[in-house]
Amino acid sequence: GCEFAEIGLALCRSVVMPDFSNRSVLLILAPCLLLAFDAAAKPNILFIYTDDHSYRTLSCYEGAESWAKTPNMDRLAARGVRFTHAYIGTWCMPSRTTMLTGLHQYGVRTMRMTPPYPGATYDPRQCRFWPAVFRQQGYHTAQIGKWHAGNDAGYGRDWDHQIVWNRPRHPDNAPNYYHDQLLSINGGEPHVVKGYSTDNYTLWAVDYIKGANRDADKPWYLWLCYGGVHAPYQPAERHLNDYPGVTVATPADIYPPRPGKPGYMQKIAAWEKGPDGEPVLSDKAIGSEVGDDFDRDRGRSLSKWSRQYHQAVRSLDEGIGQVLAALEESGQLRNTLVVLTADQGYAWGHHGFRAKLAPYDANIRSPLIVSMPGTLPEGKVCRTPVGGADLPPTFFSFAGLDLPWEMHGHDLTPLLKNPDGAWPHTTIMPFTADKFGADCDVVPAPPGNHHKTGIPWYVMLASGHHKYIRTLEAGEPEELYDLLSDPDELTNIAGQPGNAELLNKLRAAAAAELQRTGAKMVDSLPPVKAQ
């Protein structure tokens with residue numbers, strides 16, 4: 001695109017500037033010149049999406065382990081804007097449906113899960129995915145890697161090129177996050193592909209960036225969906241000896257009770273004290289994650305689990321480095337918007353969890369780095385809370401395209417241009433377990449409002465350095481945290497003297513966001529416990 005634009009500009013200078021009398025030549029060249037300018041104006045978009053990947057594993061983030069190293073992700077942050085508080089999703093499927101529709105879980109109509117897990121179905125006429133619009137507007141679209149948003153992965157409608165591990169469509173292969181994946185290429189019959197999945201996805205993404213399987217005359221959008229670092233957190237063989245002898249600190253509230261938190265939080269107990277006093281995974285937690293190995297996992301310490309998790313991140317960092325190198329080597333770096341994030345975070349002992357889902361930063365806060373050298377600031381940090389629903393409108397903004405429907409998020413371009421600037425919006429994160437669309441219109445009574453893990457529906461709202469949480473179950477306390485003074489969310493300040501005005505403000509803001517985004521459940525929110 002850039003080379004074509006330069007040729008067009010050269011023609012413009014040689015033909016237009018010297019003599020305006022040769023109108024016939026100008027008329028002939030005009031369409032080509034317009035195409036040249038349009039190609040220059042349309043950036044490529046590389047959207048790198050990791051899985052169960054906590055912000056705490058990136059060494060450029062506050063809160064990361066001192067021994068963890070991610071040089072390539074850090075380099076991307078040095079070339080762009082790093083968001084400290086990004087709430088992309090609560091678990092795999094709703095996060096991905098938001099990425100495809102620009103809508104929160106309750107707005108994704110007709111999407112529903114169907115047994116066996118993780119099967120799902122939707123009506124593509126009512127539940128449209130926006131990459132189809134990019135295709136219609138001249139983009140070449142591609143998706144590589146994990147799919148968890150309905151059995152229909154959308155090849156030929158949403159994607160021009162696709163190498164997809166479709167977990168909902170092939171539930172028997174769904175645990176195979178790292179090896180022997182059943183893959184379909186461009187809608188073809190699936191077949192088992194050997195090799196380490198992170199490396200495979202990287203190789204195919206590099207090929208695509210360098211020109212394979214795409215139209216060289218079109219700008220492109222690539223959604224690169226890694227399966228790492230989801231359970232079973234399997235490192236590449238080359239990383240099995242990384243980080244020898246490391247230990248992690250035991251989180252302060254790994255064991256109950258947890259004062260000020262809702263009733264279900266007093267029951268979370270994935271960890272117990274091991275023989276030497278360090279936390280080990282409890283018997284009832286073993287097998288609770290996809291791919292758990294019962295014999296190997298029993299009695300493993302928190303430090304050993306964390307080490308393995310970080311080892312699996314190493315191949316992600318290497319792959320991201322290779323993908324970015326391909327951009328640079330092919331001359332596309334400055335004309336490509338690069339976004340790195342994860343479907344959600346992941347807790348290791350924090351608040352008693354080895355899981356995502358819950359409304360606390362340790363569970364769901366994701367890394368988010370946005371880079372486009374020459375267009376966006378470099379080496380900047382934005383501390384404004386943002387959400388996953390903000391990303392699709394941002395992509396449309398950079399592509400110069402109008403939104404095809406009203407989306408729930410906001411274009412992040414103002415924050416990307418000025419990371420310290422004012423931001424008039426709050427960020428809401430709903431959790432409605434495995435329900436979507438109209439099935440979320442009314443908050444069900446217990447146990448219908450619970451995920452299989454026991455976590456009830458909730459609404460979380462982040463504004464400035466405060467977070468408000470409303471558990472959607474009658475009689476539970478509201479939660480309010482000051483993320484600046486209490487980043488671990490240990491002390492619920494909702495009932496403290498002097499916070500009544502702030503609590504009322506954020507409670508109203510959460511209701512207003514639900515109303516703005518068409519959430520009918522706002523009319524059936526259960527009453528909260530009096531403070």
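Positions are given from 1, in the same order as the sequence printed here.
Side chain of Asp390 to backbone of Gly409: no donor-acceptor contact under 3.5 angstrom is found. Without hydrogens or angle criteria, Arg383 side chain to Pro419 main chain gives no donor-acceptor distance under 3.5 Å. When atom types are taken as modelled, the side chain of His408 and the backbone of His104 share a donor-acceptor pair closer than 3.5 angstrom. With Thr98 contributing its side chain and Leu103 its backbone, the two residues share a donor-acceptor pair below 3.5 Å. Looking at Trp159, its side chain never comes within 3.5 Å of a backbone N or O of Ile144 through a donor-acceptor pair. Side chain of Arg56 to backbone of Ala362: a donor-acceptor contact under 3.5 angstrom is found. The main-chain N or O of Arg79 is found under 3.5 Å from a side-chain atom of Ser371 such that the two form a donor-acceptor pair.
For the pair Arg365 and Tyr55, the cation-pi criterion (under 6.0 Å, within 45° of the ring axis) is fulfilled. Stacking of Arg82 on the aromatic ring of Tyr61 is recorded, both the 6.0 Å distance cut-off and the 45° axial limit being met. Stacking of Arg354 on the aromatic ring of Trp305 is recorded, both the 6.0 Å distance cut-off and the 45° axial limit being met.
Gln105 and Thr432 form a side-chain donor-acceptor contact under 3.5 Å, judged by distance and modelled atom types alone. Judged by distance alone, the side chains of Thr121 and Asn151 never bring a donor and an acceptor atom under 3.5 Å apart. Checking Gln143 against Tyr49 by side-chain atom types alone, no donor-acceptor pair falls below 3.5 Å. Remark: the His239 side chain and the Glu318 side chain contain an N/O donor-acceptor pair separated by less than 3.5 Å. Asp361 and Tyr87 are linked by a side-chain donor-acceptor pair at a separation below 3.5 angstrom, with hydrogens and angles left out of the test. A donor-acceptor contact closer than 3.5 angstrom is absent between the side chains of Ser184 and Arg169. Inspection of the Tyr106 and Thr517 side chains reveals an N or O donor paired with an N or O acceptor under 3.5 Å. With hydrogens and angles left out, the side-chain atoms of Asn44 and Thr336 include a donor and acceptor closer than 3.5 Å. In the model, His140 has a side-chain atom that pairs as donor or acceptor with a side-chain atom of Tyr208 under 3.5 Å. With hydrogens and angles left out, the side-chain atoms of Asp411 and Ser397 include a donor and acceptor closer than 3.5 Å. In the model, Thr341 has no side-chain atom that pairs as donor or acceptor with a side-chain atom of Ser366 under 3.5 Å. Side chain to side chain, Tyr243 and His310 fail the donor-acceptor criterion of an N or O pair below 3.5 Å. If you check the side chains of His350 and Asn363, you find no donor sitting under 3.5 Å from an acceptor.
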Exercise. Could you walk me through whether Trp348 and Phe353 pass the ring-ring contact (aromatic ring centres under 6.0 Å, His included) test, one step at a time?
Key: CA-CA 6 Å; Trp348 281 105; Phe353 285 97; over 10 Å; no
Quiz item: Could you walk me through whether Tyr233 and Tyr346 pass the side chain to side chain donor-acceptor pair (under 3.5 Å) check?
Solution: CA-CA 12 Å; Tyr233 337 104; Tyr346 203 77; 2.6 Å; yes
Quiz item: Can Trp223 and Tyr221 be said to form a ring-ring contact (aromatic ring centres under 6.0 Å, His included), step by step?
Solution: CA-CA 7 Å; Trp223 193 21; Tyr221 168 75; 7.5 Å; no
Exercise. Any chance you could lay out the ring-ring contact (aromatic ring centres under 6.0 Å, His included) test for Trp130 and Phe396, step after step, and finish with the verdict?
Key: CA-CA 9 Å; Trp130 61 260; Phe396 273 83; 5.5 Å; yes
Exercise. Give the C-alpha distance, both sets of side-chain angles, the deciding distance and a yes or no for ring-ring contact (aromatic ring centres under 6.0 Å, His included) between Phe47 and Phe395.
Key: CA-CA 10 Å; Phe47 186 23; Phe395 295 156; 5.1 Å; yes
Exercise. Any chance you could lay out the salt bridge (Lys or Arg N to Asp or Glu O under 4.0 Å) test for Asp317 and Lys69, step after step, and finish with the verdict?
Key: CA-CA 9 Å; Asp317 188 69; Lys69 304 300 177 188; over 6 Å; no
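Between Asp160 and Lys218, none of the side-chain N atoms (NZ, or NE/NH1/NH2) sits under 4.0 Å from a carboxylate O, so this pair counts as no salt bridge. Here Arg307 does not pair with Glu65 in a salt bridge; the nearest charged N to carboxylate O distance is not below 4.0 Å. Under a 4.0 Å N-O distance rule, the pair Arg96/Asp51 qualifies as a salt bridge.
Other residues, nucleotides and ligands contribute more than 12 heavy atoms inside 6.0 Å of the CZ atom of Arg516. Residue Arg135 qualifies as enclosed at atom CZ: its count of foreign heavy atoms under 6.0 Å is above 12.
Considering only residues two or more places apart in sequence or on other chains, Asp199 meets the side-chain hydrogen bond (donor to acceptor under 3.5 Å, both in side chains) condition with Arg238. By the side-chain contact (heavy atoms from CB on, under 4.5 Å) test, His170 pairs with Asn166, Asn173, Leu182, Pro190, sequence neighbours left out.
Counting only residues at least two apart or on different chains, the ring pair (Phe, Tyr, Trp, His ring centres under 6.0 Å) pairs with a member in residues 360-386 are His351-Tyr360.
Using a 4.5 Å cut-off on side-chain heavy atoms (C-beta onward), Tyr122 and Arg109 make no contact. Looking at Val108 and Cys127, their side chains come closer than 4.5 Å, going by heavy atoms from C-beta outward. Considering only heavy atoms from C-beta on, Pro373 comes within 4.5 Å of Glu378 through its side chain. In this structure the side chain of Ile320 reaches within 4.5 angstrom of the side chain of Ile48, judged on heavy atoms.
In terms of heavy atoms, Arg214 sits closest to Lys210 at NH2-C, 4.2 Å. Here the closest non-hydrogen pair linking Ser59 and Ala64 is CA-CB, 4.1 Å.
With values rounded to the nearest 0.5 angstrom, Cys92 atom SG is found 3.5 Å from Lys356 atom NZ.
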